[in-house]
Structures are given as C-alpha cells and as structure tokens.
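Everything on this sheet refers to the single structure shown next.
Proteins come first, then strands; the chains are lettered A, B, ... in the order of their sequence lines, and each starts at number 1.
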Amino acid sequence: MPSSSSTSTTSHSWASFLLLIRSSPSPIPVHAHLLKLGLLPHPHLRNALLHSHAQLGLLHLARRLFDELSHWALPDSNSLLSAYFKWGHLREARALFDATPRRNVVTWTTMVTGYARIGDLESARRCFDAMPDRTVVSWNAMLSGYSQNGFEDEALRLFHEMVGAGFQPNETTWVTVISSCAARGDPSLADSLAALLHQVRGIDFNCFLKTALLDMYAKCGRLAAARRIFDDLAPHNNTVAWNAMVSAFMRSGDLASARELFDRMLNKDVVSWNSMIAGYAQNGQSAFAVRLFKDMVTLTGEHPKPDEVTMASVFSACGHLGTLEIGKWAVAFLEKNQIRLGTSGYNSLIFMYSKCGSIEDAQRIFQEMQRKDVVSYNTLISGLAAHGRGREALEVMSKMKEEGIDPDRVTYVSILTACSHGGLLQEGRRLFETIKAPSNDHYACMVDLLGRAGELEEAKRLIQIIPMKPHAGVYGSLLNACRIHRRTDLAEMAAYGLFEIEPNNSGNYVLLSNIYAQAGRWEDVDKVRQMMRRRGVKKATGWSWVEHKGEVHKFLAGDRSHERCSEIYHLLANLRRRMQRAGYVAEGSCVLRDVVEEDREEMVVVHSEKLAVCFALIVSEAGEAIRVMKNMRVCWDCHTAIKTISKLEGREIIVRDNNRFHHFLEGQCSCKDYW
DNA sequence: GTGCTTAATC
C-alpha cells in the first residue's frame with residue numbers, strides 16, 4: 001500500500017489526480033482511470049472519490065469505496081454521512097453515525113446540519129447539545145438551521161448564547177444572524193444589529209455580508225439604505241443583490257421601479273423571474289403575473305426553467321383572476337416539464353381550483369397530497385366555505401384535528417365562514433366558544449353567522465361585548481344581516497358605525513339605501529344618495545366576465561358593446577318569455593323589467609351577470625358547466641333569474657362574486673344562508 | 001487532503 005509520504009513525483013501526481021477528481025463533472029471516468037493505473041488504493045484519492053460519488057448521489061459506489069477502505073485505513077465517514085442526509089437516507093445516516101468510532105467535530109456538525117436540513121430541529125439541537133466540543137462552524141450550522149426553518153427568535157437567542165460562550169462570530173455567522181433579523185422585519189432590531197456589526201473589528205464586508213445587509217434593510221422597510229448597498233454591489237453583476245432589490249421594490253409596492261430593474265438585468269435567473277411574477281401576484285396584478293409567466297416560457301432566448309415557486313405564483317394569480325383555462329394550461333405545463341411540487345405548491349393549486357369554481361378538483365388535489373400543513377387545510381376549508389359546503393368543511397376540520405394539526409386563526413375564520421354560508425348556526429356557536437382569544441375577524445364572522453341566521457339581537461349583544469374597537473367587518477356583517485332580515489332600525493345603527501370607520505366605501509351606502517328601498521322609505525333613499533354626493537363617494541360599477549377559448553369577455557350592466565350583442569339580447573328576451581310562461585318569475589322583479597322596451601321610464605339596465613351567462617350559453621359546449629365571474633355582489637333579482645335559467649336550459653351555472661360561489665342547477669342554488 | 005456553516009423568490 002502506498003503511503004502519502006513517498007517520493008515527491010508520486011505525491012505530485014496524487015495532487016493532480018485530486019484536482020482532476022474535484023473538477024470533473026462525473027467521477028466515474030476518473031474512478032476507472034485510477035483503477036487502471038493501480039492508484040485506487042491511495043487513501044486520499046479514495047476519500048476524494050468517495051466524496052464526489054457521495055455528493056452526486058451515487059451512494060452505492062460511495063458506500064463500496066467506504067467499506068473497502070475501512071479494512072485498512074480510516075475512511076471519510078463524514079462525506080458519506082452528509083450525502084446520506086442530502087439524499088434523504090435518514091436511517092443509513094443514523095446507522096453510520098452510530099457505527100463511527102472516532103467522531104470528530106465535523107461528524108457532529110454534519111449531524112446537526114443534516115437534521116436541520118430536513119426540518120428536524122429537535123434532533124439537530126440534541127446533537128448540538130451533545131457535542132463534546134464545538135467550533136464556530138458548529139454554531140453556524142445550528143444558527144442556520146433555526147434561521148432557515150423560520151425560527152428566527154431561536155436563532156437570535158442562540159447567537160447571544162454563542163457570544164456569551166466566548167466564540168467570535170465570523171462572516172458566516174453574521175450573514176445568518178442578519179437574515180434572521182431580516183425575516184423579523186423589525187427596523188429597530190435591524191439598526192441595532194447593524195450598529196453592533198460595525199463595532200466589531202476585522203470583519204470582511206464580503207459579497208454575502210453586503211447582500212444579506214441589503215436584504216435586511218429592504219425587508220425592514222429601509223429602502224434607501226438597501227439602495228445604497230445595492231449601488232455599491234450592482235456593478236459586480238451580483239444576481240442575488242439585483243434580485244433582492246427587485247423584490248424590495250415589489251414589497252414596497254413600487255412595481256415600476258421593480259420592472260425597470262428587472263428589464264435592465266443581464267443575468268436573470270429563475271429567482272429574478274419568480275420575484276417579478278410573485279410581486280405582481282401579491283400586489284393584485286395577477287394579469288401581469290400571468291403575462292410575465294407566458295413571456296418566460298414562450299419568448300425565445302435563454303430563459304431559465306420555471307420551478308415550483310414560479311408555478312405556485314402562477315396558480316395563485318390564476319385563482320385570483322378566476323381563469324380556469326389558463327390555470328389548466330399552467331397545470332399541463334407543470335406536468336409536461338415534470339416540475340415537482342412541495343406542500344406550498346399543492347396549496348396554491350387547491351387555492352386555484354377552488355377560486356376558479358372547481359371545488360371538486362381542489363378536493364382531489366388535497367386528497368392526493370402526502371404531506372399537508374395547516375395552510376392546506378385552511379385553503380380547502382375556506383374554499384368549501386366559499387362554495388357553501390359547510391358540512392364538508394366541518395369534516396375537514398375534524399380530520400385536521402385527528403391528524404394532529406392545530407387550527408390557527410385563519411382556520412377559525414374559514415370554518416366560521418363555512419358555518420355561516422352553510423347555515424350551521426349551532427356548530428358555529430360551538431366552534432366560536434373554543435377560540436382562545438377571538439380577534440375582530442372572528443367576531444365579524446360570528447356576527448355574520450348569527451345575523452344571517454336571523455339572530456340579530458344576539459349579534460347586537462355580541463358586538464357590545466367585543467373587548468376591542470370593532471372594525472368595519474363587524475358592522476358590515478350586521479348591516480348585511482339587516483338587509484336580509486329587513487331590520488331597518490338596526491341597519492341605521494350599523495351603517496352609521498360603518499360610515500365613521502370607512503367613509504369612502506360606497507358599498508356601505510348602497511347597502512343602506514337598498515335597505516330603505518326594501519322598506520319603501522324613498523325619502524331616506526334620497527338622503528343616503530345625497531350624503532354620497534356630498535362626501536364625493538362614487539358607486540363602483542359592477543362587471544362580469546366569462547373566459548372562453550383563452551379570452552376574457554367582459555360585460556358591464558346594460559352593455560351593448562360586445563360583438564355578439566344582438567345574439568345575447570335575443571337569447572335574453574327568449575329566456576324571459578319562457579320564464580314568464582313557466583311562471584318562475586316573481587311579479588315586480590327586475591327579471592321582468594330589465595328586458596323591457598327602452599322607452600319605459602322604470603327601465604332597469606340589464607345586469608352584467610345575465611349578459612355573461614347568455615354569452616356563455618351561446619358559445620359553450622352542451623353539458624359544460626358555465627363559469628361567470630362577477631366583481632360585485634350578485635343581487636337577489638339576478639340570483640332568481642339565473643336559478644330559473646339553469647332550470648330552463650338544464651345547465652350548471654357557477655357564478656363567483658367577490659369571494660363566494662353560487663352553484664345553480666335544476667332551478668336550485670347551493671347557498672343556504674340568504675335568498 | 002478532507003469533510004461541517006453564509007445572501008434573493010412561493
């Protein structure tokens with residue numbers, strides 16, 4: 001067996017082989033070459049080869065080298081150990097660690113890192129605590145474990161412990177601590193950390209450190225400070241710094257500056273695209289998000305491949321838009337390109353399907369997921385709530401508890417909404433009692449539930465005992481309940497509470513005015529209208545749209561601009577005659593009035609959703625469900641009309657208003673709470 | 001001679 005201390009020429013060739021092993025993309029040819037030259041027994045070369053195999057995931061080869069080596073030399077168990085973690089072989093890693101007689105600080109640190117990478121911080125910490133001795137790298141490993149798994153507070157606490165134990169933080173330590181601080185988003189913490197950093201001597205402000213600082217300032221709202229560091233780093237063509245700056249602009253809502261920077265970037269990587277697409281989606285610009293995604297995959301040139309993060313943003317954008325066709329296209333893209341989704345990717349798929357009216361697809365995705373988190377449950381529950389499926393939402397919630405996942409505040413908002421839309425008063429009451437410290441949102445949901453169920457006195461009493469200042473949602477729920485149950489007296493109280501909080505929300509005024517109109521109090525209707533004029537509040541116009549063959553067809557109330565306008569109105573008139581003949585139409589409703597001759601004084605403009613439904617009836621295939629999106633409330637008249645149309649045409653019609661769905665089939669509607 | 005730790009997007 002050759003030893004490492006032989007002649008200088010031999011050691012020179014070992015060194016060059018080492019370089020070769022480390023630089024070649026695949027270790028296999030080098031392995032074969034060394035075998036032929038008879039150099040394989042050399043322990044250093046073997047260990048290097050072992051390392052290459054292990055890092056590339058060729059674990060059987062690495063293991064063979066390891067086993068052969070352990071007969072006569074000390075093999076590098078650490079390389080194999082870290083590879084077992086990297087490729088998800090937890091049991092093998094543990095067994096190797098237990099079988100390793102001479103564990104050094106690197107062995108222990110590898111264990112800490114391995115457990116932290118898979119998110120098992122308890123085991124990581126157990127290893128860290130059990131370490132016979134530590135280096136700064138060991139501390140960094142534990143710190144980054146906390147930081148990257150969202151335990152920023154733990155990371156900062158450990159940092160203090162580290163300094164207290166007399167360890168000198170190095171640049172890596174600082175980068176990790178700064179990124180924990182960035183995640184906290186606390187500007188004063190950021191400032192004190194920066195001050196501390198600048199006091200320390202001998203710190204090399206390297207690229208990592210500067211970029212981490214940039215990101216911290218950006219996430220804490222110190223955009224000017226971030227910009228200064230960026231201007232210092234930008235000429236070095238540091239893609240990470242550019243990306244951090246793009247997302248900083250996006251976070252602050254400055255979409256134009258983000259776009260300008262993005263367009264100027266020379267080396268866009270997948271994160272650059274993701275930052276832009278996610279930024280558009282989060283700033284309510286879902287159409288821009290989708291368009292940019294299309295650019296990413298269709299424009300010629302060197303575009304990076306979309307990944308899970310890209311797809312999650314695109315699904316979310318499709319959900320907000322309600323564009324099922326584009327959503328399905330994105331799913332097809334995902335499958336064709338074999339992009340694998342993790343939990344959050346699947347969560348955004350659940351969101352997309354339920355927001356696009358395909359709650360069954362949302363349920364299917366949910367069932368297919370192997371790992372579900374609290375967001376998965378919340379997304380499905382709130383989807384079921386929007387679709388009026390209260391019972392199923394309750395089932396999902398009990399399954400969640402069986403699986404040992406604790407409901408959070410969002411879960412309770414969703415489940416109370418589900419009870420409310422599903423007319424489940426008792427269940428909702430019981431659940432509300434189990435909320436530890438209900439927030440304004442929870443009270444708003446409860447007022448909504450009681451109010452829809454007709455328990456207005458109880459709702460009023462609940463508002464009086466809210467331990468904080470009620471927000472607009474609380475009064476809004478009460479006001480809406482007053483409309484449903486025609487309680488004009490209570491409505492005034494709720495409305496004036498609401499006008500104080502949101503003086504510019506036209507919806508509140510319209511609601512009150514409609515309540516007066518229901519009661520025939522026309523002078524009060526006029527008073528509300530005058531108040532709106534005086535305060536300069538403008539009524540928002542509602543519009544509806546239908547997606548057909550990749551295009552969005554948009555309709556305003558009384559719209560005559562669509563190219564197939566005459567067909568649409570023709571169908572509408574036809575339907576109206578059939579409705580009358582079948583006796584489905586309530587006397588005096590605008591179902592009757594809105595298609596009348598234009599010279600009638602009381603003419604009501606045709607609702608946008610009826611135009612959209614008629615258009616969809618004309619263009620869609622027989623048997624296909626019709627999906628209409630509406631950006632305002634579907635009113636009572638329209639609801640009745642669409643119910644009737646679903647019966648006359650024998651079609652399923654799904655209408656999404658702001659955040660809920662009405663499934664019409666056979667003259668029935670899925671919602672059980674009002675109408 | 002080598003293994004362990006660091007910044008950006010959902």
(request) Check every atom of B:dA8, B:dC10, B:dT6 against the side chain of A:S344 and return the nucleotide holding the closest atom. (result) B:dC10
(message) Students often get this wrong, so: under 4.0 angstrom with heavy atoms, is A:N347 touching a base, only sugar-phosphate, or nothing?
(response) nothing
(message) Under 4.0 Å, heavy atoms only, any strand: does A:R134 hit a base, just the sugar-phosphate, or nothing?
(response) nothing
(request) Compare the minimum distances between each of B:dG3, B:dT9, B:dT5 and the side chain of A:A141, then state the nucleotide with the smallest one. (result) B:dT5
(request) Starting at atom CE of A:M142, determine the distance to atom P of B:dT6, rounded to an integer number of angstrom. (result) 12 Å
(request) Check every strand shown and say whether A:S275 touches a base, only sugar-phosphate, or nothing at a heavy-atom separation below 4.0 Å. (result) sugar-phosphate
(message) Starting the side chain at C-beta, find the nucleotide from B:dC10, B:dC4, B:dA7 nearest to A:T110.
(response) B:dC4
(message) Nearest to the A:Q148 side chain among B:dG3, B:dA8, B:dT6, which nucleotide is it?
(response) B:dT6
Expected list for residues 118-133 of chain A: side-chain donor-acceptor pairs under 3.5 angstrom, two or more places apart:
unit_1 : atom_1 : unit_2 : atom_2 : d
A:D120 : OD1    : A:S123 : N      : 3.1
A:D120 : OD1    : A:S123 : OG     : 3.1
A:D120 : OD2    : A:S123 : OG     : 2.6
A:S123 : OG     : A:R126 : NH2    : 3.4
A:R125 : NE     : A:D129 : OD1    : 3.1
A:R125 : NE     : A:D129 : OD2    : 3.4
A:R125 : NH1    : A:Y146 : OH     : 3.2

(request) Output the single nucleotide from B:dA8, B:dC10, B:dC4 whose closest atom is nearest the side chain of A:S313. (result) B:dC10
(message) I want to verify a distance call: between B:dA7, B:dA8, B:dT9, whose nearest atom is closest to the A:D269 side chain?
(response) B:dA8
(message) Centre-to-centre under 6.0 Å for A:F366 and A:Y346, is that the case here?
(response) no
(message) Tell me the interatomic distance from A:F205, atom CZ, to B:dT6, atom C1', rounded to whole angstroms.
(response) 15 Å
(message) Show me the pairs that pass salt bridge (Lys or Arg N to Asp or Glu O under 4.0 Å) and involve residues 230-242 of chain A, at least two apart or across chains.
(response) A:K210-A:D232, A:R227-A:D231
(request) Would you confirm whether the ring centroid of A:W139 sits within less than 6.0 angstrom of the ring centroid of A:F159? (result) no
(message) Side chain of A:S247 only, heavy atoms from C-beta on: which candidate in B:dA7, B:dG3, B:dT9 is closest?
(response) B:dT9
(message) Rounding to an integer number of Å, can you tell me how far A:F351 CZ sits from B:dC10 P?
(response) 15 Å
(message) Check this one for me: any side-chain N or O of A:K219 less than 4.0 Å away from OP1 or OP2 of B:dT9?
(response) yes
(message) The side chain of A:V309 is closest to which nucleotide in this list: B:dT5, B:dA7, B:dC10?
(response) B:dC10
(request) Can you figure out which of B:dA8, B:dT5, B:dC10 approaches the side chain of A:R117 most closely? (result) B:dT5
(message) Can you measure A:L80 atom CG to B:dG3 atom P for me and round it to whole angstrom units?
(response) 15 Å
(request) Rounded off to whole Å, could you give me the CD1-to-P distance for the A:I339 and B:dC10 pair? (result) 17 Å
(request) Give the rounded distance in Å between these two atoms: CG of A:N206 and P of B:dT5. (result) 17 Å
(request) Find the distance A:N243:CG to B:dA8:C1' and express it as a whole number of Å. (result) 5 Å
(request) Round to the nearest Å and state the distance from A:L143 atom CG to B:dA7 atom P. (result) 12 Å
(message) Quick check on the 6.0 Å ring-centre criterion: do A:W242 and A:F262 meet it?
(response) no
(message) Quick check for you: among B:dG3, B:dA7, B:dC10, whose closest atom lies nearest to any side-chain atom of A:N78?
(response) B:dG3
(message) Test side chain to side chain contact (heavy atoms under 4.5 Å, CB included) on A:F208 and A:V240; report intermediate values, then the result.
(response) CA-CA 9 Å; A:F208 276 100; A:V240 177; over 6 Å; no
